[in-house]
Structures are given as structure tokens and as C-alpha cells.
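In what follows, every chain begins at residue 1, and chains take the letters A, B, ... in the order their sequences are listed.
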2 protein chains.
Amino acid sequence: MSSTNHHLFREQTSGRKKRERTRSALLDSAISVFASKGFEAARITDITNHAELANGTFYNYYKDKDELLRDVTAGLAVELTGRINDEMENLAHGPTRVTFATARLLQIARREPEWLSVYLEGVFIVTELQAAAVQYLRQDLEIGIEQGHFDTEVNLLLVNQILSLIRAALLLDPAMSDHTIIQTCEAVLRLLGLPPRKAAKQVASVFERFLSSDEHTTDAQG
Amino acid sequence: MSSTNHHLFREQTSGRKKRERTRSALLDSAISVFASKGFEAARITDITNHAELANGTFYNYYKDKDELLRDVTAGLAVELTGRINDEMENLAHGPTRVTFATARLLQIARREPEWLSVYLEGVFIVTELQAAAVQYLRQDLEIGIEQGHFDTEVNLLLVNQILSLIRAALLLDPAMSDHTIIQTCEAVLRLLGLPPRKAAKQVASVFERFLSSDEHTTDAQG
DNA sequence: AAGAAAAATGAGACTAATCCCATAAATGAG
DNA sequence: CTCATTTATGGGATTAGTCTCATTTTTCTT
């Protein structure tokens with residue numbers, strides 16, 4: 001069914017014990033199935049079929065679908081927010097950090113739309129992961145405010161507004177064109193209080209310095 | 001289960017033929033059930049139980065759950081967007097219209113959080129209703145741009161961003177405090193390119209002129 | 001109030017999913 | 001290679017839902 005299938009978890013465990021490999025196969029299949037039908041509509045057998053495992057195998061690993069979703073979402077959180085945060089360790093300027101993080105997340109979604117879509121659904125359903133999920137974002141907002149760049153109060157609604165803008169981009173344009181990414185980054189900055197022109201400049205600058213289309217490195221240099 | 005239950009459809013049909021009344025009972029119950037468990041998880045029997053009807057009765061009215069959702073969503077569209085648009089017929093100023101519409105929608109959600117939540121889910125699932133659902137919003141955006149108040153391009157992503165901000169407010173604060181409403185209105189205006197201070201003034205002005213807490217226009221008495 | 005039409009009922013046939021578990025297969029340590 | 005341990009299997013009991021339809025109940029008309 002899926003034309004592109006990138007096996008986030010399986011790749012991390014290719015040489016390891018069988019137990020780990022099977023678990024990863026279940027996690028990767030869950031991402032595919034959740035992304036295509038949504039969590040509610042996904043059936044255990046959809047996932048085991050996709051992983052080419054017997055139905056019963058699922059129950060050697062998880063009690064039920066909820067437990068699986070928790071595992072999937074936590075894994076995606078590490079992969080998405082953790083990785084992006086590592087890439088940004090040299091950036092000190094608040095607006096640059098927020099722009100970079102937003103754009104990078106959407107760039108990843110261009111290659112792997114399933115990851116972001118399942119992640120966002122998971123964060124919404126598995127409420128105990130929400131705080132952790134938005135922790136990095138809050139930090140960057142605080143930095144920008146501290147520096148006097150953002151004109152806003154950091155609260156839970158603001159954080160959710162930003163996540164909502166990201167989700168809107170994903171829903172409307174899963175292929176994630178540059179135009180969509182730029183419009184979304186500008187929207188986030190406007191929300192934080194930057195005037196339109198300044199927001200546009202900030203986004204253009206981040207794209208030029210870090211995200212020009214020919215270099216897609218995992219290590220952000222200067 | 002629901003402590004407050006306001007019977008949008010039933011009230012419109014109280015004196016009429018039995019067929020209309022039963023259909024309204026199904027629609028109102030569907031709103032309650034969809035709002036509490038989500039559309040996917042809702043079972044036909046949940047809805048008929050809530051309406052105190054037999055399971056089979058459902059099938060005298062609808063072929064399946066999807067057909068019911070279409071009916072519910074279309075009804076909510078009339079009730080929500082239609083009514084608000086009527087209230088605004090005298091307003092010519094683009095930013096005022098957008099602010100008023102946003103604030104009014106959220107004020108309705110304060111009394112009836114279920115309506116907005118089901119409406120937003122429905123518009124997302126029943127794609128053929130989307131165009132109609134956002135038609136009024138698009139018009140107001142065009143007006144504001146024509147007048148030189150908004151610095152943005154009207155496209156589908158923008159419209160979805162605005163809907164997403166509304167959805168974020170509903171998810172985070174279903175009780176819909178004034179603070180949430182104000183923050184959401186300001187967010188919408190910022191998104192459209194107003195600088196923070198101007199956005200805040202615009203929102204304050206609309207609240208003062210049209211939405212002061214002691215007068216709730218139309219027919220709103222308990 | 002009777003009779004016809006409209007509406008509601010709920011038992012039951014189907015379909016589909018979860019989850020268990022006795023058995024089979026695969027793995028890997030000595 | 002052998003055998004104990006780990007892992008996978010898939011049949012089937014169980015639960016849960018959809019949808020039908022012959023029957024009952026309610027409503028409407030005269």
C-alpha cells in the first residue's frame with residue numbers, strides 16, 4: 001500500500017535482538033496505519049498485517065492499542081523535537097530559534113508526513129505526554145520574550161495556537177511546499193507579535209542561512 | 001451525562017409533525033454523543049439511547065452514521081455562521097467584522113461548547129461542506145484587504161489557520177473565558193497582519209461596542 | 001371511535017473486532 | 001548439534017456493533 005516507507009524504528013534496531021526488531025516493526029506499522037486511517041479507526045489486525053505478523057503477536061508486546069500509541073508517540077517525540085533541538089544548540093536569537101524549529105519540523109514532514117501527523121494526533125490523545133512535547137517550544141518562547149522580540153504572554157493557549165498552525169499546514173498541504181512552510185513560519189511570528197514585514201525578513205533570513213534547498217544536513221553549522 | 005442540554009433542533013420543531021420531532025431528537029442526541037466521544041467512536045446505539053429511542057428507529061431516518069453527520073453539520077452551519085452573519089449586516093469595517101464574528105462564535109461556544117466542537121469536526125470530515133462553511137469568512141477577509149487593513153493573501157491555508165485558532169481555543173478552554181476569547185481574536189488579527197497594539201485596540205473596541213457582558217443581543221434570555 | 005397510515009420497536013442474523021492460549025517455530029548458548 | 005528458552009502463530013471463544021424486518025404502537029382523519 002504505502003509507496004514510501006521509511007521505518008523510523010526498525011532502522012534503529014536492525015542488528016539487535018529479535019524482540020527489539022519485532023517491536024520496532026509494530027511501531028513502524030502503527031505509524032503507517034494510524035496515519036492512513038486515524039487512531040480510532042485503526043484495527044490491531046491492520047497493524048499486524050502491515051508488519052507481516054500474526055494477530056496474536058501484538059499481544060506479546062502491548063496490552064492494547066492505547067499502550068501502543070503511547071509508545072509510538074513517545075518515540076516520535078524524541079525523534080522530532082529532540083533532534084531539532086540538538087540542531088539548534090548554537091542559536092541564541094529567539095525569533096531565529098522559533099523560525100528554525102518550525103521550518104525544520106515542516107521540512108521533516110515533507111519527507112515523512114506520517115510522522116508528524118501521528119505525532120500530533122498522539123500528543124492530543126495521550127495527554128500525559130503533552131507537557132513534555134511542548135517543553136522545547138516554551139523555552140524558545142521564553143528566550144524570545146527575554147530578548148524583547150516577542151510581544152505576548154506565554155501560556156498554554158499560545159503554545160496550542162502554534163501547534164494548531166503546524167497542524168493546519170499538515171492537513172492542507174501534506175506535500176509541504178516551501179510556500180506552505182514559509183506562510184506557516186510567518187504566521188507563527190506574527191502570532192508572537194512581529195509585524196508582517198519583520199516576520200517575512202526573519203523567515204527569509206533563516207531559510208537563506210540554514211535551510212537552502214541544496215543542503216539538508218543534520219548538523220546545523222553556525 | 002450532559003448536565004446542560006439545549007436541544008438546538010428540537011426547539012425548532014416542537015409543535016410539528018412527529019417525524020420532524022424524532023429527527024430533531026436524533027440530531028440533538030448526535031451532537032451530544034459526537035461531542036463527548038468523537039464521531040468515530042460514537043455508536044448508533046449511543047445516539048438512540050441518548051434520544052430514548054429504539055436502535056431500529058435510527059434506520060427509519062438515516063442510512064448510516066455518515067449521513068447523520070452530514071445533516072448535523074449542515075444544520076449547525078446554518079445556526080452558527082448564518083446567524084452571526086445576519087447580526088453583522090450593518091458592519092462595513094473589515095477588521096471589525098472579523099473580530100465580531102470570531103468573538104461571537106466563541107461566545108456561542110461558551111453556552112454551547114458541543115455545537116462548535118461538533119461543527120468543526122464535521123466540517124473537517126464532510127469535505128463537501130467545507131467551501132460553504134468558510135464562505136462568510138472569506139468574504140470578510142476580502143473586505144478587510146480591499147480596505148487596506150489586512151496585509152495577507154487570502155488562500156485556503158489562511159482560512160484553515162483561522163479555523164485552527166478557533167479550534168485551539170475550544171480544546172483548551174471549553175468554558176471559553178473572556179480571556180480566551182480576547183486572546184483568540186487578537187491572534188486572528190495578528191495573523192492578518194495587524195500589529196499587536198492595533199489588534200488589541202480593535203478587539204477592545206468591538207467588545208465595548210457590541211459585546212459588553214450585560215447585553216447579549218438577539219433573543220438571549222435564560 | 002374506527003380504520004388506515006405513519007412511526008417505533010427490538011429480536012436476531014450478520015459482520016467484525018478483541019484477546020487468550022495451546023502449540024509450533026526460531027533462536028542462541030554450550 | 002542439542003535442547004532450553006524465547007518468540008510467533010492462528011484457531012476460536014467472547015464481545016460488540018450494524019442493519020433488517022415482521023410486528024406493535026401511535027397518530028391522524030373522518
>> Can you see if the side chain of T45(B) gets near the phosphate of dG17(D) - specifically, an N or O under 4.0 Å from OP1 or OP2?
In response: no

> Which nucleotide sits closest to the side chain of R43(A): dT18(C), dA7(C), dG10(C)?
Replying inline: dT18(C)

>> Could you tell me the Watson-Crick or G-U partner of dT15(C), where both distances fall under 3.5 Å? Say none if there is no partner.
In response: dA16(D)

> So which nucleotide from dT9(C), dC19(D), dT9(D) ends up closest to the side chain of T57(A)?
Replying inline: dT9(D)

>> Can you measure N60(B) atom CG to dT20(D) atom P for me and round it to whole angstrom units?
In response: 11 Å

>> Closest-nucleotide mapping onto DNA chain D: is K63(B) or R21(B) further toward the 5' terminus? I mean the 5' end.
In response: K63(B)

> Across the strands shown, which category fits Y61(B) at heavy-atom distances under 4.0 angstrom: base, sugar-phosphate, nothing?
Replying inline: sugar-phosphate

> Roughly, in whole Å, what's the span from CG in L53(A) to P in dA24(C)?
Replying inline: 20 Å

> Step by step, would you call R97(B) with D140(B) a salt bridge (Lys or Arg N to Asp or Glu O under 4.0 Å)?
Replying inline: CA-CA 7 Å; R97(B) 289 183 67 89; D140(B) 291 337; 2.6 Å; yes

> Nearest-Å distance, CD1 (I47(B)) to P (dC19(D))?
Replying inline: 12 Å

> Are any side-chain N or O atoms of D46(A) and backbone N or O atoms of H50(A), one a donor and one an acceptor, separated by less than 3.5 Å?
Replying inline: no

> In whole Å, what is the span from the NZ atom of K18(B) to the P atom of dT25(D)?
Replying inline: 14 Å

> Counting distance only, does the side-chain N/O of T184(A) pair as donor-acceptor with the main-chain N or O of T180(A) below 3.5 Å?
Replying inline: yes

> Taking for each residue the nucleotide of DNA chain C bearing the nearest heavy atom, is the 5' side occupied by N55(B) or by T22(B)?
Replying inline: T22(B)

>> Can you work out whether G56(A) or A42(B) has the more 5'-proximal nearest nucleotide on DNA chain D?
In response: G56(A)

> Are the side chains of L163(B) and F124(B) in touch, meaning some heavy atoms are under 4.5 Å apart?
Replying inline: no

> Taking atom C1' of dA7(C) as reference, at what distance in whole Å does atom OH of Y59(B) sit?
Replying inline: 17 Å

> For the side chain of T102(A) and the backbone of V98(A), is there at least one donor-acceptor N/O pair under 3.5 Å apart?
Replying inline: yes

> In whole angstroms, how far is the C1' atom of dC28(D) from the CZ atom of R19(B)?
Replying inline: 16 Å

>> How many whole angstroms separate atom NZ of K17(B) from atom P of dA5(C)?
In response: 14 Å

> What integer distance in Å separates E20(B):CD from dA8(C):P?
Replying inline: 11 Å

